[in-house]
Amino acid sequence: MPEIEGLSEFCGDVSHACEYKSGEKFTGKKVVVVGCGNSGMEVSLDLCNHNASPSMVVRSSVHVLPREIFGKSTFELAITMMKWLPLWLVDKLLLVLAWLILGNIEKYGLKRPSMGPLELKNEIGKTPVLDIGALEKIKSGDIKVVPGIKRFTRNQVELVNGQKLDVDSVVLATGYRSNVPSWLQEGEFFSKNGFPKAASPHSWKGNAGLYAVGFSRRGLSGASSDAMKIAQDIGNVWKAETKQQKKRTTACHRRCISQF
């Protein structure tokens, strides 16, 4: 839950996207959605589909990519291209294809980062938005894109550009973080920020059989890579232990025969 001036004084409903179930209860209401990642985009789209009036707060730049390109998953296509091409070239190709399919999104208030979508994901873990229909609602004006929030009052929100909006409800689609340190009682594998201390691609293995899947900040492809490495490592440990057990059994058998 981010700290925003005046939010505690706001009289309307305030909730986090992790609690969001459906836009049904927001029908006919003016809703401010704070955050423009995948959660913020999908919440805003669902609110539109339930006849609410969402205003989505976009405080920073964001990559928006089509969910599919040529009938194929965008990430699947990116992973396939990365087998043959360098990351920077794959990023350029993805952005060209996104522009051809989605058009120029910057004129709708969605500024793209200077770093490519895959490079940005690898560097800081920021996942590009995969559009499932929200962009069309933005283009039509059903979802309004607004800048950062300066403060809340009892019934309004004041934006950093001085604009004031009447608002009934707020959905906070931001503030996600790892809570591993709150339940994992060890200090060698994970740091206080909830991520492994070792950087990717070495972030999947700890000590004494402790593994971590999906903490490489590379989305589902990173989780898949971690899972395969862990399965292979467990297999290698099992083979080594089985081989050692066979040696002990054989030695014991020989000793028993000798004693007999």
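Both backbone and side-chain heavy atoms feed into the values below; hydrogens, waters and symmetry mates do not.
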Q | Heavy-atom side-chain proximity of Leu159 to Lys164 below 4.5 angstrom | A | no
Q.
For a quick test of reading the model, state the closest non-hydrogen atom pair linking Gly109 to Val145 and the distance between them.
A. O-CG1, 3.8 Å
**Q.** ILVMFWY cluster, Leu165 and Leu172 together (side-chain gap under 4.5 Å)
**A.** yes
Q: With rounding to the nearest 0.5 Å, note down the distance linking CE in Met81 to CG in Leu93.
A: 5.5 Å
Q. Does NZ belonging to Lys229 count more than 12 external heavy atoms closer than 6.0 Å?
A. yes
Q.
Testing the 3.5 Å rule here: is there a donor-acceptor pair between the side chains of Tyr211 and Asp233?
A. yes
Q. Looking at side-chain heavy atoms only, is the closest gap between Lys144 and Val32 below 4.5 Å?
A. no
Q: Would you kindly say whether Ser191 and Lys197 are connected by a side-chain donor-acceptor distance under 3.5 Å?
A: no
**Q.** Any Ile138 side-chain heavy atom under 4.5 Å of Ile105 side chain
**A.** no
Q: Begin with the C-alpha distance, continue with both residues' side-chain angles, and end with the deciding distance and a verdict on side chain to side chain contact (heavy atoms under 4.5 Å, CB included) for Ser15 and Val170.
A: CA-CA 6 Å; Ser15 60; Val170 178; over 6 Å; no
Q: Evaluate side chain to side chain contact (heavy atoms under 4.5 Å, CB included) for Val146 paired with Val157, printing each intermediate quantity in order.
A: CA-CA 11 Å; Val146 299; Val157 59; over 6 Å; no
Q) Donor-acceptor pair, Thr27 side chain versus His50 backbone, under 3.5 Å? A) yes
Q.
Checking the side chain of Glu19 only, and the main-chain atoms of His16 only, is there a donor and an acceptor separated by less than 3.5 Å?
A. yes
**Q.** Gap between atom NZ of Lys192 and atom OG of Ser178 - 0.5 Å precision
**A.** 15.0 Å
Q: Look at the side chain of Asp226 and the backbone N and O of Gly214, then say whether any donor-acceptor pair between them is shorter than 3.5 Å.
A: yes
Q | Joint hydrophobic cluster, Val58 plus Leu130, side-chain heavy atoms closer than 4.5 Å | A | yes
Q) Once you round to the nearest 0.5 Å, how far does OH of Tyr108 lie from CG of Leu102? A) 10.5 Å
Q) Can you name the side-chain hydrogen bond (donor to acceptor under 3.5 Å, both in side chains) partners of Arg67, sequence neighbours left out? A) none
Q: Using a cut-off of 6.0 Å, state whether more than 12 heavy atoms not belonging to Glu24 lie near its atom CD.
A: no
Q: Please examine the side chains of Phe189 and Asn207, heavy atoms only from C-beta on, and report whether any two atoms are closer than 4.5 Å.
A: no
Q.
Which heavy atom of Ala173 sits nearest to which heavy atom of Ala17, and what is that distance?
A. CA-CB, 3.8 Å
Q: Look at atom CD of Glu3 and say whether more than 12 heavy atoms of other residues, nucleotides or ligands are closer to it than 6.0 Å.
A: no
Q.
Going by the rule salt bridge (Lys or Arg N to Asp or Glu O under 4.0 Å), which residues pair with Arg59 if we only count those two or more places apart in sequence or in a different chain?
A. none
Q: Answer yes if Trp88 and Leu65 sit in the same cluster of Ile, Leu, Val, Met, Phe, Trp and Tyr residues linked by side chain heavy atoms under 4.5 Å apart, and no otherwise.
A: yes
(Q) Just checking Lys30: does its NZ atom have more than 12 heavy atoms from other residues, nucleotides or ligands closer to it than 6.0 angstrom? (A) no
Q: Return yes if some donor-acceptor pair links the side-chain N/O of Asp131 with the main-chain N/O of Ala134 below 3.5 Å, else return no.
A: yes
Q.
For Gly23, is there any backbone N or O sitting under 3.5 Å from a side-chain donor or acceptor partner on Asp46?
A. yes
Q. Of the non-hydrogen atoms in Leu118 and Ala78, which two are nearest, and what is the gap between them?
A. CD1-CB, 4.1 Å
Q. Hey, is CD on Glu188 packed in by over 12 heavy atoms from elsewhere, all under 6.0 Å?
A. no
Q) When you measure from the side chain of Glu68 to the backbone N and O of Thr74, does any donor-acceptor pair fall under 3.5 Å? A) no
Q: Walk me through it: do Val180 and Phe195 pass the test side chain to side chain contact (heavy atoms under 4.5 Å, CB included)?
A: CA-CA 8 Å; Val180 172; Phe195 285 87; over 6 Å; no
**Q.** Min side-chain heavy-atom separation Phe75-Pro128 under 4.5 Å
**A.** yes
Q: Answer yes or no: are there more than 12 heavy-atom neighbours, outside Lys111 itself, under 6.0 Å from its atom NZ?
A: no
Q. Taking the six-membered ring for Trp, are Phe152 and Phe10 parallel (under 30°), tilted (30 to 60°) or perpendicular (over 60°)?
A. tilted
Q.
For Leu95, is there any backbone N or O sitting under 3.5 Å from a side-chain donor or acceptor partner on His63?
A. no
Q) Any side-chain heavy atom of Val171 within less than 4.5 Å of one from Val31? A) yes
**Q.** Common cluster, Phe70/Leu85, ILVMFWY with side-chain heavy-atom separation under 4.5 Å
**A.** yes
Q. Stepwise, does the side chain to side chain contact (heavy atoms under 4.5 Å, CB included) test hold for Asp91 with Leu120?
A. CA-CA 10 Å; Asp91 267 344; Leu120 193 66; over 6 Å; no
Q) Under the 3.5 angstrom rule, does the side chain of Asp13 hit a backbone N or O of Asp168 as a donor-acceptor pair? A) no
Q | Any donor-acceptor N/O pair, Glu136 side chain to Lys139 backbone, under 3.5 Å | A | no
**Q.** Asn161, CG atom: more than 12 neighbouring heavy atoms under 6.0 Å
**A.** yes
Q) Hey, what do you get for CD1 (Ile143) to OG (Ser55), rounding to the nearest 0.5 Å? A) 10.0 Å
Q: Could you check Val57, Leu47, Leu45 and say which one makes a side-chain contact (heavy atoms from CB on, under 4.5 Å) with Val33?
A: Leu47
Q) To the nearest 0.5 Å, what is the distance between CG (Asp166) and CD (Gln156)? A) 5.0 Å
Q) Is Val34 close to Met56 at the side-chain level, that is, under 4.5 Å between some pair of heavy atoms? A) no
Q | Non-hydrogen atoms of Ala198 and Ser203 that approach each other most closely | A | O-CB, 3.3 Å
Q | Separation between CG of Leu87 and CD of Glu119, rounded to the nearest 0.5 Å | A | 6.5 Å
Q) With Glu5, which residues qualify under salt bridge (Lys or Arg N to Asp or Glu O under 4.0 Å), at least two apart? A) Arg151
Q. Would you say the side chain of Asn49 lies within less than 4.5 Å of the side chain of Lys137, judging by non-hydrogen atoms?
A. yes
Q. Honestly curious: do Leu89 and Ile69 fall in one hydrophobic cluster under the side-chain, below-4.5 Å linking rule?
A. yes
Q | Distance-minimising heavy-atom pair for Ser60 and Lys126 | A | OG-NZ, 3.5 Å
